[in-house]
There are 2 protein chains.
Amino acid sequence: MNIGEAARVSGVSAKMIRYYEQNGLIPPAERTASGYRDYSTNDVHMLRFIRRARDLGFSVAEINELLGLWRDRSRQSADVKRIALARIGDLRRKIEEMEQMAATLEHLATCCSGDNRPDCPILADLENPDDGDEPKRPRGAIN
Amino acid sequence: MNIGEAARVSGVSAKMIRYYEQNGLIPPAERTASGYRDYSTNDVHMLRFIRRARDLGFSVAEINELLGLWRDRSRQSADVKRIALARIGDLRRKIEEMEQMAATLEHLATCCSGDNRPDCPILADLENPDDGDEPKRPRGAIN
DNA sequence: GATAGGGCTTCCCATCGTTGGAAGGTCAAG
DNA sequence: CTTGACCTTCCAACGATGGGAAGCCCTATC
């Protein structure tokens with residue numbers, strides 16, 4: 001299938017597909033005799049994976065690393081496992097933070113459920129979590 | 001406390017604090033007689049909240065909205081609740097996606113735990129989730 | 001065969017969040 | 001007094017993405 005269809009079914013814009021190819025995130029697409037990029041369903045899977053990972057805040061570099069786990073047949077399995085586990089750790093941490101945030105907002109929603117909202121505790125609730133002093137800062141992954 | 005200390009304890013760089021102030025995300029800081037910005041612990045809470053929200057992928061605009069819930073005393077409680085619930089929905093959705101991704105990576109990690117890694121199913125596992133065909137696309141957008 | 005709508009390429013520009021630096025000045029603590 | 005932290009304003013860059021223009025080629029349809 002050509003780039004337009006691949007974009008449609010993967011949810012990644014044609015522009016970004018070309019961009020990813022240019023930056024080595026995906027291998028250069030096959031070309032038809034007339035020079036059109038030609039995508040397999042496998043390529044589409046890769047694109048979907050990329051999109052999902054981007055949606056979750058993974059940087060392109062990180063996605064590249066993840067795709068490498070699958071791509072590089074030559075890679076040490078221990079390496080693969082290590083990287084995967086590290087990413088899982090990141091995810092779990094972020095999930096926890098998100099749950100905290102959701103809880104805070106839920107508290108806000110219920111505490112304000114009447115018509116007379118009291119002093120809303122968005123901030124008060126959020127000061128306890130670990131961070132702030134330590135600059136662990138993995139920062140949105142991006143970068 | 002001055003901006004440096006506020007940055008230190010909030011985990012938001014001094015530069016970003018000024019940037020947030022400039023963009024109305026936080027109200028202009030008090031100033032000492034000599035013109036230094038002067039931050040209260042409340043301000044620090046706000047900064048921490050901002051940082052946490054940014055880490056979770058909220059855009060500055062969204063954070064502004066959230067801070068507004070707490071800031072604007074004049075706001076309709078129903079409004080506050082609506083927005084909070086919407087954000088909670090976003091979070092829950094993202095948490096689910098992250099859990100899927102973590103599961104996939106876990107599968108990868110265990111399937112590759114031996115020394116002979118098989119065809120890794122990163123992509124195969126990821127094609128089933130809803131998206132891709134339907135263009136719900138809050139994100140990248142197709143073009 | 002002509003036309004329209006993709007695709008191809010290479011540009012350049014804009015956005016957002018963030019960081020970095022320079023320059024030139026003021027302040028506070030040693 | 002010196003040093004470091006702050007003040008200001010600027011300007012640039014990054015990564016990821018979107019938008020567009022220009023010019024040319026391909027494909028499908030009438």
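Letters A, B, ... mirror the listed sequences (proteins, then strands); counts begin at 1. Excluded from the calculations below are hydrogen atoms, water molecules and symmetry mates; all remaining heavy atoms, backbone and side chain alike, are included.
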Open item on the list: To the nearest 0.5 Å, what is the distance between NZ on B:K81 and CD1 on B:I83?
Closed with: 13.5 Å

Open item on the list: Can you confirm whether A:V9 sits close enough to A:L47 that some side-chain heavy atom of one is under 4.5 Å from a side-chain heavy atom of the other?
Closed with: no

Task: For atom CD of A:E5 and atom C1' of C:dG5, their distance in whole Å - done: 15 Å

Open item on the list: Heavy-atom count check: over 12 atoms from other residues, nucleotides or ligands less than 6.0 Å from A:E99 CD?
Closed with: yes

- [ ] Answer whether the closest heavy-atom distance between the side chains of B:L91 and B:F58 falls below 4.5 Å.
- [x] yes

Task: Length of the CZ-P vector between B:F58 and C:dC16, whole Å - done: 19 Å

Task: CD1 on B:I3 to CE on B:M16, rounded to 0.5 Å - done: 11.0 Å

Task: Integer-rounded Å distance: D:dA16 C1' and A:L47 CG - done: 16 Å

Task: Side chain proximity check, B:R54 to B:Y20, heavy atoms < 4.5 angstrom - done: yes

TODO: State, yes or no, whether a side-chain contact exists between B:V44 and B:M1 at a heavy-atom distance under 4.5 Å.
DONE: yes

- [ ] Let me know the distance between CD of A:Q22 and P of D:dA16, rounded to the nearest Å.
- [x] 13 Å

Open item on the list: Between the side chains of B:R52 and B:D55, is the shortest nitrogen-to-carboxylate-oxygen separation below 4.0 Å, so that they form an ion pair?
Closed with: no

Open item on the list: Return the CD to OG1 distance between B:E106 and B:T104, rounded to the nearest 0.5 Å.
Closed with: 9.5 Å

Open item on the list: Nearest to the side chain of A:V60, heavy atoms from C-beta on, is which of D:dC6, D:dA16, C:dG17?
Closed with: D:dA16

Open item on the list: Contact between B:F49 and B:I63 at the side-chain level, heavy atoms closer than 4.5 Å - yes or no?
Closed with: yes

Task: Euclidean distance, atom CD1 of residue A:I3 to atom P of C:dG6 [Å, nearest integer] - done: 14 Å

- [ ] Output yes when at least one side-chain N/O atom of A:R54 is less than 4.0 Å from OP1 or OP2 of D:dT17, else no.
- [x] yes

- [ ] Strictly below 4.0 Å, heavy-atom distances to any atom of DNA chain C: list the hits from residues 14-21 of chain B, or just say none.
- [x] B:K15, B:M16, B:Y19, B:Y20

Pairwise N/O distances under 3.5 Å, protein to nucleotides 28-30 of chain D:
none

Task: Nucleotide C:dT9, atom P - distance to CG of A:N2 in whole Å - done: 13 Å

- [ ] Considering non-hydrogen atoms only, spot the tightest contact between B:A102 and A:R92 and give its length.
- [x] CB-NH1, 3.7 Å

TODO: Enumerate the residues from residues 24-38 of chain A whose closest heavy atom to DNA chain D is under 4.0 Å, giving them by residue number; use none for an empty result.
DONE: A:S34, A:Y36

